[in-house]
Structure formats: C-alpha cells, structure tokens
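Just the heavy atoms: all of them, side chains too, but no hydrogens, waters or symmetry mates, feed the values below.
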Amino acid sequence: MNDSRKKILIVDDEPININILQELLSEEFQLRIAANGQEALNKVAAWMPDMILLDVMMPVMDGYAVCQRLKRHSATRDIAIIFVTAKSDSEDVAYGMSLGAVDYISKPYRPTIIRARIRSHMERIQVQQDLALEVKRDLKAVQSRLAISALLETSLEPLPLQKQLTVALDIILTIPWLAVEYKGSIHLWNAQTQRLELAAQRNLARPLLAACGSLKLGQCLCGLAAERREIVFKNDLDADHTVSFDGIRPHGHYCTPILYQDKLLGVLNLYVASGHVRTPEEDALLATLANTLAGIIRHRRTEQALHEERQFIAAILETTSALVAVLDPHGSIVLFNAACEFLTGHTQEETRDRPFWDPAWTPEEDEAKVRETILATVADPATVAFVCRWFGVGEEPRVISWTLTYLLQADGRLKNLIATGIDVTEQMQAQQSLERLAHYDPLTGLPNRRLFQVFLQQALARARRRNGALAVMFMDLDRFKAVNDGFGHDIGDLLLTEAAQRIRGCLRESDVVARLGGDEFTVILSDDQLPPETIGFVAQKIIDGLQIPFHLRDNECRIGCSIGISLFPEHGDQPDQLLKKADLALYAVKKAGRNHYLRYQSGMDSEVNGQ
C-alpha cells in the first residue's frame with residue numbers, strides 16, 4: 001500500500017536525538033535517518049524528502065555545508081530545511097536562515113513546540129504543492145482548449161478535406177501534455193466499399209502506408225475501434241495488432257472512433273510508447289477531439305451554402321468548453337455559444353445584435369478597452385489577443401483570455417470576427433499566490449530578502465535620476481532571543497509580527513520595510529533631500545516604539561532595537577555596499593551597548609577587521 005504521509009529526513013550524529021525525533025514524528029510522517037552530511041546527500045538523491053531536520057555539528061560534512069549543497073541544485077532547492085542544533089547564538093541563527101533554511105530550532109527543545117512548528121511548515125509545503133498541482137491542471141485545460149480552438153479555426157478555412165485532416169492531425173500530435181509520439185493517422189469510413197481508407201498520416205513506416213491504406217471492420221486496432229464504436233487502447237504489440245512487418249518496434253496505440261450521432265465517419269489513430277499507462281484524462285480529451293473531427297468531416301461533406309455552414313459552426317461550438325462568439329463587421333454578436341451562455345447567464349437570443357462590450361456582461365472599467373480592440377480589428381483585420389473581465393453568474397467577474405481571428409469575403413471585405421476565449425481566473429489567482437509566497441515573509445507579511453533587493457535597486461535608480469538621497473537602515477531586535485527562549489517560539493513569532501507592524505507605523509507610506517530573516521529588519525528611506533536630523537528622528541522613533549512593552553497572551557515582553565545606517569551616495573552606490581556598511585554600523589551599535597543608532601563611519605571597517 002502506498003504511504004501518502006509527508007517524508008522527513010533526520011540528519012544527526014547523536015542516536016539519542018534521533019530516537020527522540022523518531023518517537024515524536026514516526027506516526028505522522030515517513031522518516032529516514034542519516035548520521036552525517038554525506039549520507040544525508042546520498043539519501044536525498046535516492047528518496048527526495050519533503051523536509052530535512054538538519055543538525056549543524058557533524059562529522060564528514062556539517063549541516064551548513066549540506067544546506068549549501070542542496071540549495072545549489074534545482075532538483076533539491078525547494079526542500080524545506082530546519083536546522084535542529086545546539087548552536088543557538090543569533091549569529092548562528094542568522095547564518096542558517098541566510099543559507100535558505102525555513103526555520104532554526106535550538107536544542108534542547110520542547111516536543112510540543114517542535115512538532116507544532118514542523119506541522120506548520122508541512123502545511124505550508126502542502127499549500128505550495130496544491131497550488132502547483134492546480135496550476136498544472138489549469139495548464140492542461142488551457143492547452144486542451146487551445147487545441148480545440150485551433151481545430152475550430154482551421155475548420156473555417158476553405159481547405160480540401162485531406163489537407164484539413166492533415167492540419168488537424170498536426171494540432172493533435174503537438175498538444176504538450178498528451179503523451180503521444182509524433183506519429184499517427186486518420187482513416188475515413190467509405191460507406192460504399194465498407195472499408196476504412198487512409199486520409200491523413202504523419203511518420204507512418206513505409207510498409208504501413210500500403211498495409212493500412214484500406215482496412216476492413218475488425219482488422220487490426222483501427223478496424224476494431226470502428227467495429228466496437230469505442231476507444232481501443234494497447235500499450236504494446238499483441239494478437240489484435242494484425243498488421244505488422246519485419247523490424248517493427250514495440251509500441252502502443254490509442255484508436256478512437258470518429259462518430260457523428262452514432263454514425264461512423266472514421267478513426268483517429270495515435271501512437272504511444274510501449275508500456276504507456278492509460279488515463280481517464282487522455283480518454284476524455286480524445287473523445288472531445290474525435291467529436292470535433294466529426295464536425296469537421298461532416299461539414300466538408302455537406303454543401304457550402306452559408307446557412308448550412310453557420311449551422312455547422314454553431315453545432316461544433318456547442319460541443320466545446322471554450323468561449324466562442326462570432327461578431328459582425330460592426331462588433332455586434334451573431335453567435336454566442338453554450339459556454340458563453342453558461343458563464344454569463346445570457347442566452348443566444350438575448351445577446352444577438354448587441355455589442356460584444358455590452359455592459360450586461362462587461363464591467364465598466366473594461367468597456368472602452370474591449371470596444372477599441374474590436375473596432376481596431378474591424379478596421380484592420382488581424383489576429384489579436386487581449387484579456388478582459390466578464391460578469392459571470394457568480395458574484396465576482398471572471399478573467400477571460402480572448403483571441404480574435406477574422407473571416408474575409410471573396411472580395412476581401414471583412415465577413416466576421418471570431419472571439420475565442422478561455423476562463424483563466426483560477427490560473428491567475430494561483431500564479432498570484434505563488435508570487436506572494438516567493439516575495440513576502442509568511443510570518444509578518446513584509447517583503448522578504450529577495451523583494452527587498454529589488455526595491456533597493458529601484459530606489460537607487462530613482463535617486464540617481466533625481467540626484468536625490470537615500471538611507472538604508474539595518475536593525476535587529478535586542479533581547480529577542482531571551483523572549484524567544486523564555487516564552488517559547490509562538491510568543492516569539494507574535495512578537496516579530498507586532499514589531500513589524502510598529503516599525504511600519506513609524507514610516508511614511510513611500511518608505512520600505514522588509515524582514516530579512518530571524519529578528520533582522522531593513523528600511524529604505526528615500527527623498528530628494530534627507531537631512532541627518534530627519535534620518536535620526538525616524539531611527540529614534542522606531543527605537544522608542546519598540547521599547548514600549550509588548551503584551552502577548554498575558555505575557556509582558558520588553559525588547560530594544562539597534563540600528564545601523566548607511567547613506568547614498570556618501571557610503572556607496574550599490575545595494576551590497578550600502579547593506580554591508582549599514583551592517584557595520586549595526587555592529588558598532590551593539591558593541592557600544594545596543595538600543596540606539598549610528599551612521600556608518602570609515603573607522604568601523606578597520607575596527608571589525610581588527611576584531
């Protein structure tokens with residue numbers, strides 16, 4: 001039976017520590033053990049855990065080196081690493097977090113606290129994995145809809161049927177997520193000869209071109225699919241694969257009957273690798289593709305009268321989940337398919353002859369953009385992509401990604417615009433959630449180190465252009481470790497959250513505050529002018545604000561704040577220079593007794609080097 005529990009690798013050279021962690025976690029998680037850093041790397045390569053509980057002081061390779069090795073490689077970069085170690089100085093914590101660890105737990109630890117923190121991180125990992133899976137599902141849906149839309153668009157081109165089917169086969173064979181080889185064929189059913197005849201193919205072996213040119217019902221896999229009126233799947237050659245030749249390589253097939261109202265029109269034949277596993281997703285897509293092909297074939301076999309052509313297009317559009325609207329040369333709706341009706345709650349009859357940007361389904365903020373896009377395409381026909389919102393049946397507008405294509409009359413004048421849309425609301429929301437996780441600290445909601453670097457680059461560029469001034473403050477919380485150790489990490493987390501709010505409250509809206517990790521925060525002040533007294537006033541305001549006692553779950557906590565300051569352009573014009581010199585000033589503050597601020601001075605470099 002598959003074990004669906006999250007996987008944790010425990011890396012420690014002390015058996016007693018391993019035993020404690022095993023007793024705490026074995027019921028809830030899958031566990032593996034490594035006694036040193038090199039063994040840990042080997043087990044990661046073979047087992048790929050979700051989380052690593054990593055000791056620092058070990059033989060062969062210490063925990064910091066292991067973390068650095070894992071973070072250098074894309075395959076292991078996202079594994080959550082928690083340092084569990086007796087090294088508990090703030091410098092050790094800061095260094096561990098700077099390497100990419102998600103947490104730093106000091107020994108000796110309380111079992112309930114370590115279990116709670118591991119669960120919290122595992123919940124975050126699950127959220128990230130769920131978001132990634134949702135994005136992957138959405139991507140498959142988008143790719144499928146684009147393929148259907150492409151088939152529909154080609155059906156509107158005046159091509160001979162054989163050419164039409166060859167283009168359709170190319171579209172199907174290049175759907176990114178569909179696990180088929182770039183090889184296949186489409187057979188059409190000839191009612192007079194009662195045989196399947198090869199109409200389009202890609203990369204069939206030469207012996208097959210003759211052997212599969214004409215097939216009886218029940219002959220080989222295509223004949224079986226036609227006879228049974230159902231998908232025939234094989235993951236290797238077997239007795240049903242009656243057409244063969246010397247040197248044929250192992251492979252499998254999806255053979256899908258093309259039916260129109262239960263009437264056989266042909267068979268879609270796709271190749272898969274030997275041993276391929278059939279999935280319901282693939283079955284569903286192949287059925288939809290076959291339905292679309294059925295419409296295309298049926299259309300090409302009917303008269304070319306405009307009325308019948310429109311009936312055919314309407315029938316095809318009703319089978320797709322894509323949003324499709326056909327517009328006249330003025331941008332008014334001629335056809336509004338079932339997917340559009342379902343999303344907006346407005347019927348084909350209600351929407352006919354109304355503009356595509358009608359306020360009944362287009363928010364006021366998007367009306368002008370949609371109208372201008374449609375009318376510009378009418379004036380100069382081209383394939384155009386744009387995004388807008390539509391009011392759905394629910395309360396919130398849906399985000400729709402549209403593609404406009406056009407049809408011309410024989411004299412070259414515009415006949416119709418075809419708007420094909422995909423609802424990308426969930427995809428965009430998932431992308432925004434992933435972006436936030438990548439750029440913001442999950443505890444305080446402040447920008448993280450990565451986003452702070454971006455803001456600092458932008459602020460420096462602005463200051464250079466305007467010949468302005470900029471100050472960088474590097475600060476940490478005095479006595480935070482005592483609070484964290486004395487009251488527990490939960491209180492420590494609450495303290496960090498409230499401290500972040502107090503710092504933010506001391507700044508202007510245009511200023512930037514970020515959490516780099518642990519109890520380290522940074523601030524960017526920028527303006528056309530920044531007098532020293534203004535910078536000092538802000539720094540002292542932050543220090544005073546953080547000296548006010550914190551009341552957290554009936555606990556009174558007192559901390560201080562030490563701040564180092566560097567200035568642009570006096571102390572450098574690059575982000576690394578300013579951060580380094582602010583950090584040197586912070587070091588000087590700590591050495592002088594903490595709980596105040598200092599600007600960087602040139603002697604601070606030599607003092608630190610001397611230390």
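- Within a 6.0 Å sphere centred on CG of Asp89, other residues, nucleotides and ligands contribute more than 12 heavy atoms.
- The distance from the CD atom of Glu39 to the NZ atom of Lys43 is 4.5 Å, given to the nearest 0.5 Å.
- No side-chain donor-acceptor contact under 3.5 Å links Arg508 to the backbone of Val512.
- Heavy atoms only, all atoms of each residue included: His596 and Val589 are closest at O-CG1, 3.1 Å.
- Considering all non-hydrogen atoms of both residues, Phe568 and Ala463 come closest at CE2-CB, 3.6 Å.
- Under 4.0 Å is where a charged nitrogen must lie from a carboxylate oxygen, and between Arg502 and Glu498 at least one such pair does.
- Side-chain contact between Arg32 and Lys7 is absent, with no heavy-atom pair separated by less than 4.5 Å.
- A salt bridge does not link Arg389 with Glu364: none of the charged nitrogens is closer than 4.0 Å to a carboxylate oxygen.
- Between the Arg515 side chain and the Gly518 main chain, a donor and an acceptor come within less than 3.5 Å of each other.
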*Between Asn555 and Phe550, is a side chain to side chain contact (heavy atoms under 4.5 Å, CB included) present by the stated rule, with each step listed?*
CA-CA 8 Å; Asn555 298 298; Phe550 291 79; over 6 Å; no
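- The backbone N or O of Leu173 sits nowhere less than 3.5 Å from a side-chain atom of Asp170 that would complete a donor-acceptor pair.
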*asked:* Does Met97 form a side chain to side chain contact (heavy atoms under 4.5 Å, CB included) with Tyr104? I'd like the steps, not just the answer.
replied: CA-CA 7 Å; Met97 300 301 287; Tyr104 197 107; 4.2 Å; yes
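- Considering CD1 of Ile374 and CG of Leu404, their distance stands at 4.5 Å, rounded to 0.5 Å.
- Shown here is Arg450, whose CZ atom has no more than 12 heavy atoms of other residues, nucleotides or ligands within 6.0 Å.
- When each of Asn484, Leu477, Leu495, Val93 is paired with Asp519, the side-chain contact (heavy atoms from CB on, under 4.5 Å) condition holds for Leu477 and for no other.
- Annotation: side chain of Arg117 is not in contact with side chain of Ile82 (no heavy-atom distance under 4.5 Å).
- Shown here for Leu546 and Ile503, the closest heavy-atom pair between the two residues is CD1-CG1, 4.2 Å.
- Rounding to the nearest 0.5 Å places CG of Leu579 at 11.5 Å from CD of Gln574.
- The heavy-atom pair separating Met57 from Asp13 by the smallest distance is O-OD1, 3.6 Å.
- Atom CD of Glu23 has 12 or fewer neighbouring heavy atoms from other residues, nucleotides or ligands inside a 6.0 Å radius.
- Using a 4.5 Å heavy-atom cutoff, the side chains of Val56 and Asp92 are not in contact.
- Here the side chain of Glu520 pairs no donor or acceptor atom with the backbone of Leu516 at under 3.5 angstrom.
- Looking at Leu567 and Ile535, their side chains come closer than 4.5 Å, going by heavy atoms from C-beta outward.
- The side-chain contact (heavy atoms from CB on, under 4.5 Å) test with Leu460 is passed by exactly one of Leu578, Val472, Asp573: Leu578.
- Within 6.0 Å of CZ on Phe537 lie no more than 12 heavy atoms contributed by other residues, nucleotides or ligands.
- Nearest heavy-atom pair across Ala80 and Arg124 is CB-NH2, 4.3 Å.
- Each of Glu28, Gln126, Gln30 was evaluated against Lys6; a single residue qualifies, Gln126, per the side chain to side chain donor-acceptor pair (under 3.5 Å) test.
- In terms of heavy atoms, Leu496 sits closest to Thr444 at O-CG2, 3.9 Å.
- Surrounding CD of Glu365 are more than 12 heavy atoms belonging to other residues, nucleotides or ligands, all under 6.0 Å away.
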*Give the C-alpha distance, both sets of side-chain angles, the deciding distance and a yes or no for side chain to side chain contact (heavy atoms under 4.5 Å, CB included) between Asn595 and Gln547.*
CA-CA 9 Å; Asn595 207 39; Gln547 284 182 320; 2.3 Å; yes
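- Taking the six-membered ring for Trp and thresholds of 30 and 60 degrees, Phe83 and Tyr64 have ring planes more than 60 degrees apart, a perpendicular arrangement.
- For the pair Ile400 and Leu343, the minimum side-chain heavy-atom distance is below 4.5 Å.
- For the pair Gln427/Ile422, no side-chain contact is recorded, criterion being any heavy-atom separation below 4.5 Å from C-beta on.
- Atom CG of residue Leu31 and atom CG of residue Leu21 lie 8.5 Å apart, to the nearest 0.5 angstrom.
- Judged by distance alone, the side chains of Ser144 and Trp177 do bring a donor and an acceptor atom under 3.5 Å apart.
- In this structure, Leu552 and Val483 have side chains that are not in contact, with every pair of non-hydrogen atoms separated by 4.5 Å or more.
- No donor-acceptor distance shorter than 3.5 angstrom exists from the side chain of His73 to the backbone of Lys71, with no hydrogens or angles considered.
- Side-chain atoms of Trp47 do not come within 3.5 Å of backbone N or O of Asn42 as any donor-acceptor pair.
- A 4.5 Å side-chain heavy-atom check between Thr373 and Trp357 finds every atom pair outside the cut-off.
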*Can you check side chain to side chain contact (heavy atoms under 4.5 Å, CB included) on Leu25 and Leu53, steps first, answer last?*
CA-CA 11 Å; Leu25 305 173; Leu53 303 182; 3.7 Å; yes
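- Side-chain atoms of Ser98 come within 3.5 Å of backbone atoms of Tyr95 as a donor-acceptor pair (strictly under, hydrogens ignored).
- A donor-acceptor pair under 3.5 Å links the side-chain atoms of Thr425 to the main chain of Val399, judged by distance alone.
- Side chain of Asp478 to backbone of Cys561: a donor-acceptor contact under 3.5 angstrom is found.
- To the nearest 0.5 Å, atom CD1 of residue Ile125 and atom CD1 of residue Ile79 are 9.5 Å apart.
- Using a cut-off of 4.0 Å between Lys/Arg side-chain N and Asp/Glu carboxylate O, Asp12 and Lys107 are scored as salt-bridged.
- For Arg558 (side chain) and Arg479 (main-chain N/O), no donor-acceptor pair under 3.5 Å exists by modelled atom type.
- At a threshold of 4.0 Å, the pair Lys580-Asp576 does not count as salt-bridged, since none of the basic side-chain nitrogens sits closer than that to a carboxylate oxygen.
- The line from CE of Met475 to OH of Tyr597 is 12.5 Å long, rounded to the nearest 0.5 Å.
- Residue-environment remark: CE (Met48) exceeds the threshold of 12 foreign heavy atoms within 6.0 Å.
- Atom CZ of Arg145 is surrounded by more than 12 heavy atoms from other residues, nucleotides or ligands within 6.0 Å.
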